[in-house]
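Data block below; observations after.
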Amino acid sequence: MGSVSITLKDGSIHEIPRGTAVMDVVKGISQRLAREALVARFNEQLVDLNSIINGNGKLEILTFDDAEAREVYWHSTSHILAQAVKNLYPEASLGIGPAISNGYYYDFDVVKGFSPEEVEAIEAEMKKIIKENYSFKRRELSLEEALDLFTENKEPYKVELIKELPEDSTISIYEQGGFMDLCAGPHIPSTGRVRALKLLNVAGAYWKGSERNPMLQRIYGTSYPKKKMLDEHLFKIEEAKRRDHRKLGTQLDLFSLHDEGPGFPFFHNKGMIIWNELENYWRKEHRRHGYEEIKTPIILDRGLWERSGHWDHYHENMYFTEIDEVSYALKPMNCPGSILVYKTKQRSYRDFPLRMAELGLVHRHELSGVLHGLMRVRSFNQDDAHIFMLPSQIKDEIVGVIEMIDDFYSVFGFEYKVELSTKPGDAMGSDEIWEQAIEALRDAVESKNIEYCINEGDGAFYGPKLDFHLEDCLGRTWQCGTIQLDFLFPENFDLSYIGSDGEKHRPVMIHRVIFGSIERFIGILIEHYGGAFPTWLAPVQVLLLPIADRHQEYAAALKEKLESHDIRVEIDSRNEKIGYKIREGETQKVPYMVIVGDNEVKNKNLSIRKRKVGDMGTLALEEFLEVVKREVRDKTQ
RNA sequence: GCUGAUGUAGCUCAAUGGCAGAGCAAUGCAUUCGUAAUGCAUAGGCUGGGGGUUCAACUCCCCCCAUCAGCUCCA
């Protein structure tokens with residue numbers, strides 16, 4: 001036997017008998033830590049607390065405060081979920097059950113989906129399992145033994161998973177209270193560690209995420225070591241739902257959706273104010289960055305789409321129509337239109353880079369199940385631009401767009417994630433051209449020191465892209481900005497320019513958007529601000545609240561005065577008490593309310609109330625004008 | 001498109017086979033009010049659409065549409 005020496009996180013070295021369980025070491029350190037410990041890291045590897053130490057090494061004890069331990073915790077809860085389902089539905093086959101951010105899920109193959117009542121019963125069964133406080137026990141076996149075991153247990157999905165492992169693998173399984181699952185581990189010591197849990201929703205999910213595979217029933221849930229933490233998490237979900245742009249869109253009268261036009265949002269006056277402010281800002285910035293602006297039609301001849309490749313590669317997403325017995329398509333992208341404009345002249349290298357912007361309305365047929373408020377629709381406005389340039393200008397242009405996107409997003413205070421999407425299965429062009437384009441994008445993004453991840457096979461059919469993702473209220477991410485490098489459309493459309501040598505050459509193209517879709521961007525903005533738009537975007541910037549009818553006249557004069565400074569003002573002239581009007585102004589999230597009563601009329605000043613903050617005291621009209629105008633000018637958050 | 005759930009007044013939600021209701025909003029009247037809801041009254045419905053079962057359907061069954069969550073797909 002003998003002893004081994006282990007080094008703890010604080011640097012202290014302990015001599016312990018070889019073969020001691022990690023948990024016993026922890027108990028030697030602190031009873032409290034022993035209660036909170038979930039899993040350990042021994043020599044950089046996560047291990048069970050039940051595991052045995054057989055050598056020298058570095059030992060770290062992880063609790064729920066560590067992200068890795070939380071993952072283990074949720075993963076273990078998913079095993080409890082699986083056990084509960086197997087207890088109640090012995091004929092169910094198990095899929096997979098990983099931890100996800102803030103919880104876990106488990107997939108089951110069952111004859112019929114779970115009803116809400118059944119889910120409740122499953123949750124109750126889970127609580128029973130927790131009460132029993134079964135230990136998670138690890139067992140290792142050979143691949144063959146594992147195959148036999150899971151074949152015998154009628155777990156075809158597990159068998160499939162095992163078959164994909166290398167032949168000489170050692171397979172680990174975990175058992176708790178008679179339930180057994182294929183699993184690499186590690187796990188928390190016992191089911192009793194889960195103190196509070198909740199099953200959140202049920203949904204179908206294809207086995208291995210492929211439409212060709214059977215659809216399994218996925219149950220999502222979460223769990224915490226303290227009831228209070230669970231309650232906080234559930235409260236956060238509720239809070240997030242209050243920021244849902246679909247709900248706020250109705251409450252704030254920004255837009256509406258109708259059965260008569262699924263995926264085709266209707267924008268109301270207040271929504272259009274935000275839209276137009278975004279466009280105004282966008283135009284100003286694009287002029288400053290050397291863009292020209294064009295507008296091309298939304299219906300174009302079939303031949304154009306055949307030539308661009310959309311007919312072959314994008315057909316399923318397109319809408320078609322016929323005019324005078326000739327077939328046309330509604331444009332799903334703006335690029336072919338831009339290209340026609342490019343071709344109206346003989347272009348010179350001196351024109352490059354030629355930055356041609358277009359706020360273009362595109363239509364795309366999306367599957368009914370993916371439609372989502374303003375985020376995923378069937379017709380949307382892209383703040384598109386196509387940059388035609390020399391190959392030598394590629395990097396500078398991409399960097400220029402990256403910087404522009406960063407400038408735009410920082411105005412709104414957005415954090416974003418960048419993805420580099422590579423060649424899809426159904427793509428045009430050679431691997432060499434693709435590789436070249438991918439390298440150019442990679443080079444540009446790395447030169448800006450921006451972190452990014454690779455999204456294999458997710459490029460457009462004509463080129464790879466850098467995607468910029470923003471988050472919605474529930475943490476789902478949506479692609480907004482994108483930069484796509486394209487060597488193929490110039491080829492397909494036989495684009496040319498005259499070089500300094502007097503010869504014809506082929507230009508390179510960038511397709512790019514910053515907002516992405518104005519609709520989606522507004523959706524994200526609504527959720528980001530929770531409807532409380534900064535003054536420059538707020539549909540109503542100042543709400544005038546007369547105390548009584550005799551103050552209406554003064555309020556009307558003020559309104560006129562503010563409007564002459566391009567401030568958006570409304571008067572709440574209803575016969576209501578001031579508290580009522582303030583409440584309404586707050587729920588409508590108007591940045592400034594101005595109370596107009598006898599005092600104000602007499603003293604010729606304004607009593608200001610700021611959204612969320614409350615009474616700000618009085619200001620002279622000129623002072624107030626300056627405050628509002630400065631916020632608008634600076635786009636103050 | 002797939003799996004499951006949902007669809008009742010402008011909004012949020014009741015009504016489990018027997019007269020379709022409430023709160024908020026709207027409208028009218030009274031009140032003329034000082035920093036998050038004044039009172040009273042009125043009006044508002046082909047219960048998403050179509051078919052069926054039943055003496056009787058918001059309620060049970062079938063088909064369709066839309067929405068929500070997720071999967072797949074995408075800006």
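So you know, we letter chains A, B, ... as the sequences are listed, proteins then strands, and number each from 1.
Between the side chain of A:Arg376 and the base of B:rC73, a donor-acceptor pair under 3.5 Å is found. Remark: the A:Ser210 side chain and the B:rU72 base include no donor-acceptor N/O pair separated by less than 3.5 Å. Side-chain N/O atoms of A:Tyr206 and base N/O atoms of B:rG1 include a donor-acceptor pair closer than 3.5 Å. The base of B:rC74 is not paired with the side chain of A:Arg378 by any donor and acceptor separated by under 3.5 Å.
Applying the 4.0 Å criterion to OP1 and OP2 of B:rC33, one finds that A:Arg550 has a side-chain N or O inside that range. Contact annotation: A:His372 does not reach the phosphate of B:rU67 (side-chain N/O to OP1 or OP2, under 4.0 Å). Within the 4.0 Å cut-off from OP1 or OP2 of B:rC73, not a single side-chain nitrogen or oxygen of A:Arg364 is found. Here A:Arg574 reaches the OP1 or OP2 of B:rA26: one of its side-chain N or O atoms lies under 4.0 Å away. Here A:Lys465 reaches the OP1 or OP2 of B:rA75: one of its side-chain N or O atoms lies under 4.0 Å away. In this model, the phosphate group of B:rU72 is not approached by any side-chain N or O of A:Arg212 to a distance below 4.0 Å at OP1 or OP2. At least one side-chain nitrogen or oxygen of A:Tyr580 sits closer than 4.0 Å to the OP1 or OP2 atom of B:rA25.
Across all strands shown, A:Asp598 has heavy atoms under 4.0 Å from base atoms, whether or not it also approaches the sugar-phosphate. Residue contacts shown for A:Ile547 include a base, since a base heavy atom lies under 4.0 Å away. Within the 4.0 angstrom heavy-atom criterion, base atoms lie near A:Val370. Across all strands shown, A:Glu600 has heavy atoms under 4.0 Å from base atoms, whether or not it also approaches the sugar-phosphate.
B:rC40 and B:rA25 have their P atoms separated by 13 Å, given to the nearest Å. Annotation: B:rA15 and B:rU8 have their C1' atoms spaced 9 Å apart (nearest Å).
Nearer to the 5' terminus of RNA chain B, by closest-nucleotide assignment, is the contact made by A:Gly113 (compared with the other of A:Gly263 and A:Gly113).
The side-chain hydrogen bond (donor to acceptor under 3.5 Å, both in side chains) search around A:Glu415 returns none, not counting sequence neighbours.
A distance cut-off of 5.5 Å between ring centres, combined with a plane angle under 30°, leaves A:Phe114 outside any stacking arrangement with the base of B:rG4.
Summarising the base pairing, B:rA22 is matched to B:rU12 through a Watson-Crick or G-U wobble pair whose two defining distances lie under 3.5 Å.
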